[in-house]
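Here is the structure we will look at, set down as structure tokens.
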Amino acid sequence: MALYLGIDFGTSGARAIAIDPAGNPGVEVSYRFEGSDSRSPDLWQTALFNLIDQIPVRARLQIKAIALDGTSGTVLLCDPRGRPLCEPLLYNDGRAIDQAKALEDLAPLGHVVLSPTSSLAKLLWLSQQPEFSQARYLMHQADWLAFLLHGQPGVSDYHNSLKLGYDPALEQYPTWMNQMPDLLPLLPRVLAPGTPIGSVRADVANQLGLAPDCQVCAGTTDSIAAFMASGAQIPGEAVTSLGSTLVLKLLSHTRIENSEYGIYSHRLGDLWLVGGASNTGGAVLRQFFSDDQLTELSSQLDPTQESPLDYYPLSKLGERFPIHDPHLQPRLHPQPQNRVEFLHGLLESLARIEAQGYQRLEKQGTTPLTKVYTAGGGASNLAWEAIRQRQLQVPVEKSTHTAAAYGAAHLAAQAKGALDVRS
């Protein structure tokens with residue numbers, strides 16, 4: 001039986017899921033980054049090969065296609081052989097403040113690249129570093145991981161490349177980017193997500209026990225893969241990913257771009273996936289509570305009652321969406337001695353920020369919100385779900401499949417014509 005493998009790289013680890021032609025999940029394996037530097041390409045390669053190696057030998061030989069997702073805006077500057085020249089810049093790295101301001105003279109008002117965390121702003125920052133003279137490719141995390149399998153550097157998808165300036169509506173880089181001639185040679189060739197790129201390299205296939213005709217496909221971002229896994233299909237339906245950060249994606253007839261509020265749109269078939277990513281989320285919860293404590297204390301709070309505590313939970317200075325303010329201070333006080341009350345206040349505040357995010361999207365002109373699916377580690381917290389439904393005032397339910405790796409597997413299946421999946 002044919003299998004299709006999706007591999008998801010997030011902030012705390014990686015996961016792989018293989019599905020059959022009917023979309024049923026089979027083998028599922030994971031690799032955590034605990035105690036390691038999650039920005040290390042060596043660690044990413046180890047995780048990638050370890051994930052595939054965990055899959056039973058017989059199942060590995062049945063894999064017909066592989067698609068990967070990575071964190072949006074995480075980039076690597078690479079030499080002509082695809083080897084990283086310096087430390088990757090992660091999705092939330094905001095050092096390119098001056099470069100983002102310089103782009104205001106080139107890019108249209110409100111363009112997604114006008115954020116210090118955009119791939120293009122990061123490329124401009126990298127162009128001023130000593131290693132740039134040796135550079136040949138800028139690759140996103142998903143691009144580079146796929147390259148390790150298929151061996152063709154400099155190939156990307158239009159989900160990852162949106163923050164690099166690529167226009168998915170026109171399916172090309174915009175003409176205003178011609179004013180940066182030194183950067184143009186480093187830009188990747190962009191394909192639609194799920195497009196087959198090539199077979200797994202013969203040496204890698206032999207090392208990992210994969211079939212020689214196994215195809216590697218253009219990937220996507222982690223949050224879009226989570227959306228694809230959710231079951232959301234109708235304009236007005238949305239997915240909130242409750243992971244280390246809080247990511248909102250709303251399926252809309254209308255494309256919205258507004259960097260002032262960190263809003264951008266990804267193409268999804270003939271519709272648009274509009275949203276933004278907040279720096280708040282589960283990473284802040286884990287500063288104060290273990291997973292066991294979150295489970296135990298959540299069961300003790302009353303989600304029907306609104307907490308009076310008003311926080312803006314951030315792990316560090318700065319916010320992207322629904323407030324775009326690189327200097328926004330975390331607000332985590334007062335902290336009551338009662339741990340249940342404190343957790344209730346944090347969950348309530350996260351739900352308010354989520355509701356504010358969807359309100360911001362609707363004010364910008366999206367299709368109105370009708371339903372929210374939940375993905376990510378926080379999707380299993382029933383008390384949080386009840387709080388969020390009260391704040392959002394629309395039905396909230398757990399995604400059909402909560403793992404982004406499942407969405408990536410759908411892309412792989414689509415590449416072989418096994419499933420009809422939006423991209």
Side-chain angles (χ1 to χ4, degrees), residues 69 72-73 107-115 118 157-163 165-171 174 192-194 220-242 245-278 320-324 351 353-376 388-389 391-401 404 407 410-411 414 420-423:
D69 71 72
S72 175
L109 183 67
H111 200 285
V112 66
V113 301
L114 300 178
S115 165
S118 76
D157 62 89
Y158 60 55
H159 290 161
N160 274 293
S161 298
L162 184 75
K163 295 180 181 179
Y166 188 83
D167 189 330
L170 300 177
E171 297 188 354
T220 183
T221 67
D222 54 350
S223 61
I224 295 182
F227 188 94
M228 291 177 173
S230 70
Q233 298 182 22
I234 302 170
E237 293 184 337
V239 173
T240 297
S241 297
L242 301 175
T245 58
L246 183 71
V247 180
L248 277 55
K249 299 288 184 186
L250 173 63
L251 198 57
S252 175
H253 291 291
T254 310
R255 180 184 186 181
I256 305 294
E257 306 285 341
N258 192 321
S259 61
E260 181 182 358
Y261 297 110
I263 298 171
Y264 53 92
S265 299
H266 283 283
R267 181 177 170 182
L268 205 63
D270 57 354
L271 299 172
W272 293 94
L273 197 54
V274 186
S278 170
R320 298 177 286 171
F321 169 86
I323 300 169
H324 193 115
I353 294 168
E354 179 184 0
Q356 183 182 354
Y358 284 117
Q359 290 163 9
R360 179 69 67 192
L361 295 182
E362 191 168 339
K363 287 178 181 177
Q364 295 294 308
T366 62
T367 302
L369 180 70
T370 58
K371 186 176 184 179
V372 175
Y373 292 86
T374 309
R388 293 171 53 236
Q389 183 157 304
Q391 289 285 348
L392 292 166
Q393 298 184 349
V394 297
V396 175
E397 65 180 60
K398 192 174 182 179
S399 296
T400 305
H401 297 281
H410 262 237
L411 274 183
Q414 179 193 21
D420 181 17
V421 185
R422 293 180 185 274
S423 64

Exercise for review: Quick one: pull up OG1 in Thr254 and CD in Glu362 and give me the separation to the nearest 0.5 Å.
Suggested key: 11.0 Å
Revision key, fill the gap. OG1 of Thr220 to CE of Met228, rounded to nearest 0.5 Å, is 4.5 Å
Check your understanding: Hey, is CG on Leu109 packed in by over 12 heavy atoms from elsewhere, all under 6.0 Å?
Key -> no
Review point. How would you list, by chain and number, every residue that makes a side-chain contact (heavy atoms from CB on, under 4.5 Å) with Ser241, sequence neighbours excluded?
Key: Ala226, Val239, Val247, Ala375
Exercise for review: Go through the structure and list residues passing side-chain contact (heavy atoms from CB on, under 4.5 Å) with Glu257, not counting sequence neighbours.
Suggested key: Val112, Arg255, Tyr264, Ser265
Exercise for review: Verify side chain to side chain contact (heavy atoms under 4.5 Å, CB included) between Ser115 and Lys163, making sure each step is shown before the conclusion.
Suggested key: CA-CA 9 Å; Ser115 165; Lys163 295 180 181 179; over 6 Å; no
Should [X] and [Y] count as side-chain neighbours, where that means a heavy-atom distance under 4.5 Å?
| X | Y | value |
| --- | --- | --- |
| Glu171 | Tyr166 | yes |
| Tyr158 | Pro193 | yes |
| Gln389 | Glu397 | no |
| Val274 | Gln364 | no |

Check your understanding: Can you tell me if Thr400 uses its side chain to pair, donor with acceptor, with the backbone of Ser230 under 3.5 Å?
Key -> yes
Review point. Is it true that a side-chain atom of Ser118 and a backbone atom of Val113 form a donor plus acceptor pair closer than 3.5 Å?
Key: yes
Practice item. Of all the heavy-atom pairs spanning Pro322 and Tyr261, show the shortest one and how long it is. Key: O-CD2, 3.6 Å
Point to revise | Exercise: identify the closest heavy-atom pair between Ser72 and Thr221 | key: CB-CG2, 3.8 Å
Review point. Who passes ring pair (Phe, Tyr, Trp, His ring centres under 6.0 Å) against Tyr358, sequence neighbours left out?
Key: none
**Study point:** Step-by-step side chain to side chain contact (heavy atoms under 4.5 Å, CB included) determination, Lys371 to Ile234
**Key:** CA-CA 9 Å; Lys371 186 176 184 179; Ile234 302 170; over 6 Å; no
